[in-house]
Each structure stands twice: as structure tokens, then as C-alpha cells.
Amino acid sequence: MTDRPLPPQFIDEAYQPAERTAPRPRADAQKLTFWASLDKTTLFFTGLLLSIGVMMVFSTTFDWSLQDYDNEVTITMMHVRNVLIGIVVMLLFARVEPQWFQRLSLLIMMSAVSFLIAVLLFGDDTFGARRALIDGRFQPGEFAELATIIYLAAWLGSKKTNVRSFTGGLLPFTVIVLVVITLLLLQPDLSVAMTVFITAAAMFFLAGADLRQIGVVIIAVLFTGLTMFPVLQNIAPYATYRVESWVVGLGDLTQASYHTQQAAIAFSYGGWTGVGLGESQAKFRALPAPHTDSIFAVIGEELGVLGAGILIALYVVLCIRGVQISQQAINTYSMLLAIGVTVWVIIRAALNIAVMTGLIPPTGLPLPFISYGGSSLVVMMAGIGLLLGVHRQTLRHQNTTERRQTVANYDRSRRNRRARLPRAGNRRSDEQTIS
Amino acid sequence: MQDASPPPQEQIIRQRMSMVTIGTIVIAIILIIRLMWFQFPQSPRVVAEFAVQRRAAAGTTQIVETGRGHIYDRNGNPLAVNRIQYRVFISPNILANPERTAADLARILQRDELELFNQLRNRASMSEFLGVVDAEAWRQIRDLNLLAVEMTRLQRRDYPQGSLGSQVIGFVSGIGDESRGNYGVEGYYQAQLAGQVFEQEVSNIPFNLPEDLSVFEGGADLVLTLDRDVQFLAESELQRAITETGAQGGTIIIMNPRNGDVLGMASYPTYDPNFFFAVENPALLRNPAIMNVYEPGSVFKVLTVAAGIETGVIDADWMYNDQGVFEVSGQQIYNWDRRAYGPANAERVLVDSLNVGVATIAREMGPELFYGMMNRFGIGQPTRIDLQGEERGIMRTPNDLSGEWSESDLATNSFGQGLSLTPLQMLTAVNAIANDGLIMQPRIVYQIIDGDQIITSNPEPMRQAISAQTAGMVRDMMVAVVEGDLDNRARVPGYSIAGKTGTAEISTPLGYESNAWIMSFVGFLPADDPQVSILIKLDRPTSGRWASEVAAPVFSRLVSRLVILLEIPNDDIRRALTESGVAVGEQK
């Protein structure tokens, strides 16, 4: 049976009100408030990253904000507005029961695919294909990332051990992922396609895929990658150039692409402790898009290896917390959802930083929670909302279990439990009781 | 209530989940090591390259020009100014939206959109040149707020009057450091006009203060003696004359003999200095009035007669018997119509333009006196006018080391053959007669305005060529020429005019051309108090055989309009005004 570790201190926090109010007769007092059910660790580290983001966006935009809007903080305030929207979206997603996403997963996935198709159809006449949807504020590619995670969590979660079989696992998985990736490549949006692929593959592996199948996938990807290279050249000619200059640049920094080289210069001049907050030189002209894609290079220059390293550590902490939430989740769907979001955030951060440090070919990905941006920031925050939602589900489940144990003594909150926790809890509560 | 063990999938997920943490930590360590790697010494080549790029990114060096001085006519009308233009470059490699940008720029640059789009689509290109635009288009492009667009300032010389006075003003070629005035005033006053060209460090870092540019001054402005309206009159009359006479080219110079000011200096054919680069025949860029020499012909006779009087060889009573032919070193010289005029005095020599007469005077003077006097008139020497590239002409003298001078040269020189000079030299010499024997230094620049300092050039006497008395005598003779034998063709009603025609053969290395002449007229008015002197020269006119038929009417027409322009009252009014004590004759 389960030797799952008992809930750590976070659960204890949630217990506290229950224990403290346990003697009290009124049932309502036992109910977890929304605020109490939110995971403070995730909130804290996300908030820290967002604050660093606002700080760095100001550092990188005050110059041309002053030029273009006669005010140093205008662009920063636009970013702050996006952050606030992101927080609202995060809270909404945290509020909704994870099961709802499970039930709607097919619908979500289908709408994501139709958005992607809509973009290809209506985005024809302008280069910015994404503009076709909701006044240019909505990028279906970003939404597709989230939708894929939700759908794969629901699908892989319901598969149980069937994931191992070829027809039940690898084949449908490949079809689903291929459809999304193909639509993304047609935009073309290589960066998002890559993020979707790596996240999906990670989830497939975590969901219990046969390791031999994973091997097949890797070989297939390598093979396709090599044979499709000429085709890629047609879809996105600049990609070939990027890959070539990356290969050369790995050996000799002076031959690297302009962007990589400028980032390397920023890191070199930043030193161990940086040139000081706001003092970056590279952000003024040398680095392209210093407030979005290149923001990590600016952090490296201004705050040095120390600051950049701390930033990386923050992502690691966020990851560890995400894994913990996933481990405590009450069913496979919630586990996969939580781990999927975690992997997704980490991959996006890792890709951005790896690009900036010249370890992989340049792609246009923002740094999660830090870079200036609307739709990508909001989608990332929605992901965090899902993570919080899974945690709430766990907490409530445990709370119910706890109360169920005390029901015998105090007999309360029956109504509440019935309304709040359907089926899933029952099985697990038994399990809890047994352990 | 089920009593089932957790499904195996849950276990697998839990097992594999730890790999996410491990993987993340591994990736984080790799990334941090990479960051540290940048801090360890790189190869010196990389360090040097980085240092260069770092410096290049910190700021750009801009070539800044302070303005070249403007050129104005004597009334302040602009003749040469500066126009600021911008060169537009674009970096397609960082261009976000080539289609939209191509549409916007095609509208502003008025270029074909598709062609422009193809230029912008080349993603590997770091910089594409899009063209040169004026300030208005520059403003529109700047308002597009494109990061990929870079525009550099460009100073271009602009000549608002077009071809007017172009051969006097010259033109500016090249840009920035290379810019340089050519010909005319632009060439002669290059040092004064030129602005400073210097490199300005423009920092990309907004914390750094911009360099102080106020220490750099622009070039000095010039105010010319040239009068735009007189110049226009001269050019239009010249063009009309050329059309009517079938001439191939010509020159008109209008001067004030009292102070040496050049009021107008027109030649044809000419060019537009705004498009000097499109001129196919480089000879057009030259100013024929000071750079092309010709044999003046009979106009020169006034100098011979003046020289004879000044040296005392002839006087008012001097007479000779014209036999129609003059022999020197076995060569015969005839009058223009091969007639023998019998006894004639100096005045008749000029009125009838007798070659035999002036040859006789010259022989009586002898080469030493004759050439001495010609030197005093400035023949064979540059006038030192402040225009670039003046020619000096050729006059052989007995003292020449080459020994090419011969006895017959003295005779032919006396009526303006066998020597060459520029139109300006000719007019300058005649100015001596107009200005009581005193030659004023010809000049084209009246004022130099350098910042808050204004340098006005004063009229400068060059030389007292002849006495005032001699000048008066020759002037009367020249009045007689206009009044006497020209069928009134050069006359302007109400004005006393002194003048002389010249019909010269055109010399080539193979001898004189047949059936082609340079016809000229030199005159000044009012004869008793000259305010303006004029030279008209027409090359190879076909409408007549003699300058009296061809050039004299042009003079008459020009003067009748010029006196209105310069507000020169007719003789009756002028004398009445002078008697009542009003000063007349000051140039406006």
C-alpha cells in the first residue's frame, strides 16, 4: 500500500484552523477560506519573480519610454497592468476546481486547435498572424501550450497503465502532439512548437510511458529533424541561419550570431556581481529586445553571476514546490496537470536562459514572469493558477478527511463535504483513514 | 468505499517525478556554470573583439557639418544656401513587419511598394540604403518609430535661383569632409565659405551628456556685388540675342567702372548648379567671361588711340593720310572695307574703325611705348578678380624671351589682332577710359559676414592707366562713334553713350577661320559721368557681317532696360538734378 509521505508543514498550516477551531461547535468555522487554501510558497516565489520582472522591465524601458511617451514609467506601468491581469487570471484559475478542466479538456483542446487554424486562415494578410484574434491581445500559440497540458493531463491520467501500450499510448499521443505542432510550425512559431513538444514528451514520460517508446520518439525526432532540415529552410529560412551561426558560435564566440554575441558581451562585462542595477550598457542599443527576450542578459550585466544565479535558483525552488504539489495531488490527472505546468514553466525559463548564454540556437521566447509581455505572461500566470488549484484540491481533500475522522465525534459539516467534494475524495479518504 | 491499492500509474508518476527535480537542478547547474564561464579569461582575440563591440555599441561617431556660408546678391537675395537632407538606411534583419513597413515607406519615399518589400525581405542584410529624403519625409519616417531605420544628416548645397549666375557662383561637389567649392565664388572663397566638419561622439547611454557643439562655427556668408535682377536681365538679353543672331554663344558683362563692381556677368551656354553632376560638357562649368580668351578686334582700337594720346604721340590735331593699306615687314594691312579714307584725325580713326589709322599710331609710338601702355591697361595680366580660374590671355612683346614677337605684331595688335584676352580684361581696360583713367580693381564679393563680424571690401584702385584728360578725349571720341557712324543702332534715346564695336576673326592654330567672327560691343553710360560699363560679345553670329549690325542693337536694347533697373535718369533730368545739387550716380 501507500508509503506516501505524510503531508508536510504546508498541510499543517491548513490543519491549524481545523485543530484550533476543532472544539468549536459551528461547522462554518472549519471551512477553508480561499486565501488559506492558496499555496503561499508558490505565491511567494511567483511574486518575487514578478517583482524582479517589474524592476528589470523598468530598467530596460525607461529610456525609450521617456522618448516615446514622455514618461519613464509608462511602459513599466503597462507591464504592471499586465501583471495585475495575470494575477486576476491566476486567482480565477486557482478558484476553479481542477476537475472542471478535466471535464472540459476535450473542448479546451478543440478550441485551441481551432484558434490555431483560425490564425492560419485569417492571419493571411498580415505578417502578425496572431492579430486575427481579439484585437491582437491573444496569441493562440500560448493558449495551445496550456490547452495541451490540460488535455494531456486528462487523457494520460485516464489511460492508467494503458499508456504503455503502443496503440493506446504512443500512437494517439503522437497524433495529438503532431497536430498541434504542425499547426504551430505553419504559423510559423518554432519556439512555441518546441516548448509544446518538450512539455508533452515530458508529460508522456512521467505518465508512465514505456522507456523503449520514449527511445523511439527520440530517434524519430532526430531522424525527422535531419531529414526535414531542407523543408524547415523553406518554412522558416531564418531558422537555418540561426542554427548555423549557433554551431559556429559554440566554438568561437566572435563568430556567433549578433544576438548571442551581444548577450555574451553583457555577461562578460557584468562580472560576478554586476555593474549595478540600472547601469547596463548593452540594453541601450547593442541588445535587441532588452525588455523581452534579452532581459536575462541585462540581468546578467547589471546583477552579475550572483544575481542571475539567484534568479535561476528561484526557478529551481518554484520547480521543487511544483513537484511537491504534484506529489501530494489526489489523483493522476491532478498530478500530471501540476507536473505538466511545472515542467512547462521550467522549460520556458531554461530555453530562454540557454539561448541567452549561447547554449542553444536563438529562439524568441520570453523569460517567464520577468519579461515584458501580455499574453505570454497571462498564460504563465494561468498555469500557476492551475498549480494552485491542484494544491487547493489536495488541501480540501485532506481537510475533509480530517473532518471525516472527527465527524464521528462532532458530526458536523456533512452538508459542506457533500457539496464540495464529490467522488474522488471518497476513495482517497478511505486510504487516508487506513494509513 | 473501495479498498483498492493505488493504481500503478500513480506510483510510476511519483517515481519519475523526482527526475523533474533532478533534471531541473542539473540544467540550473549547467546554466550557472556557463554564466561563470563567461567570467573566466577568454582568448585575447575574443576579449579584443568584445572590447571593440562594447565601445561601438556605447556610442556612434557622427560626422557633423556646420553650415557652409550662404551667398547673397547685393540686395540680399539668396544665390546659394544649404539644404538639409537625410540618408535613410534600414536593417532588414531586425525589422518586425516588412510588409507593413514597406507599405509605409513606399508611401513616404514614393517608391514602388513591391520593389521596396523585396529589399526589406532580405533578412540576412544588416543595412540597406533606401535613398535621400528631405526634412518633411524625414519627419514622417521618424514618426513611424521604426527601430530598424537609421537616418543620417546630409548637407546639400542648394541654388534657389537655378542656373542664374551659375558660372559666376560655381558649385559645391562632394559631401562632408570631401565637400569643396568649384569655380567662381564657391571655388575662390572655399576657405571662407567652408563650414567645419568634425566628428561628434553620440552616446547611446542616456546618462551621458551630449557634447557641446557651440564652439564650432559655420562658414562665412558672402554678399556679392552681383545684382540678381541685372544678372537676370543680362542673361535673358543674351539668350534673346543669341536666338536672334544665330550665335553659338556669348558673354555679357555689366560693371560699375567707378568702383569695379561686377553687376552682372552672363554667358551662354550655361548650366544649373543644382545638377552640375548631370552636365555632360565640362566646358559649361567654366566661366567664359574670365576663362575663355579671344581676339578682341576693333574694340581694342580705343586702347591704342588712348595710348597714343597719353604718350603724346598724337593729339587732337594729329592727322594722317589714309591710303587704305599699311605695309609692315612685307605684310599688307587693309581697312575693314579696303577703302582709302584720305586725311583723317584720331576721332575718324575710331568712328570709321580704321585699321590703317591705328597701325600708323602704333608705329609712331614704337613697340616700347605701345606695349608699356598696354601693360598699364592690364593686357596680358590677370585682373585678379575674386573668381576662381581666371585666364590672363597672351600678348607677345619685344621683351619676350621666346623671341616670337615680330614687327608685324605691333601693327596687328593695334587693332586687336594677334593677341588674346578675356572679356573681363577688355572691359576692365575700357573702364579706365570711363573712370577718368583710373582702373578700379574688379570685384565680385562685396561683404564677408563671419559670425557677428562684417568685412566690407572697399573699392580698390588698381592703376592710373591714363590721365583724366586723355580719358576724356577718348570718351568723346567713343561718343562720336555711337553718335556718328553706327546708324544709331547702339543709341538709347536720352542717354549719351560711349562705345566701340569689334568684329574679330577667330584664330585657330591653323590660321583664321573663314566666315566666322566674334562680334562685340563695349560701351559705357552716361558718357560724361559713367555709372555702368557693358561688354557684349557674341560668338559666330550669322545674322550679319559686322558687329555694328549685330552687337550694337543688343547693347541698345539691354541699356534701355538696364537704366530703368538701375534707376539711371536720362541726361536731361540728370543734369537738372546735378545742377540743383542732388547727387546722382550712386549705386543703389
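Chain letters run A, B, ... following the sequence lines, proteins first and then strands; every chain starts at 1. Note that the structure is predicted; figures quoted are calculated from it, not measured.
- The salt bridge (charged side-chain N to carboxylate O under 4.0 Å, His left out) pairs that include a residue from residues 102-113 of chain B are B:R100-B:D104, B:D104-B:R107, B:R111-B:E115, where partners are two or more places apart or lie in different chains.
- B:N82 contributes a side-chain N or O that, together with a main-chain N or O of B:R68, makes up a donor-acceptor pair within less than 3.5 Å.
- B:Q85 places no side-chain N or O within 3.5 Å of a backbone atom of B:R156 that could act as its donor or acceptor partner.
- The candidate with the highest count of non-hydrogen atom pairs below 4.5 Å against chain B, out of A:G304, A:G271, A:A286, A:A354, is A:G271.
- For the pair B:R87 and B:F129, the cation-pi test (distance below 6.0 Å, angle within 45°) is failed.
- When the candidates A:P288, A:A202, A:A264 are compared by the number of heavy-atom contacts under 4.5 Å with chain B, A:A264 comes out ahead.
- Proximity to chain A (any heavy atom under 4.5 Å) is shown, for B:R54, by both the backbone and the side chain.
- Only the side chain of B:I27 has a heavy atom closer than 4.5 Å to any heavy atom of chain A.
- Between A:W272 and B:F40, the ring planes lie perpendicular to each other; the angle is over 60°, past the 30° to 60° tilted range.
- Using a 4.5 Å cut-off between heavy atoms, A:A289 does not touch chain B at all.
- Counting only N and O atoms by type, the side chains of B:E150 and B:S91 include no donor and acceptor under 3.5 Å apart.
- Residue B:A56: no heavy atom, backbone or side chain, is found under 4.5 Å from chain A.
- Considering only heavy-atom pairs separated by less than 4.5 Å from chain B, the leading option among A:L287, A:T342, A:V323, A:I347 is A:V323.
- Heavy atoms of A:I346 lying under 4.5 Å from chain B belong exclusively to its side chain.
- A:Y333 does not touch chain B: none of its heavy atoms, backbone or side chain, sits under 4.5 Å away.
- Heavy atoms of A:F62 lying under 4.5 Å from chain B belong exclusively to its side chain.
- Looking at A:I265, both its backbone and its side chain come within 4.5 Å of chain B, counting heavy atoms on both sides.
- Judged purely by distance below 3.5 Å, without hydrogens or angles, the side chains of B:T21 and B:S18 never pair a donor atom with an acceptor atom.
- With sequence neighbours excluded, the residues that form a side-chain hydrogen bond (donor to acceptor under 3.5 Å, both in side chains) with B:N118 are B:R121.
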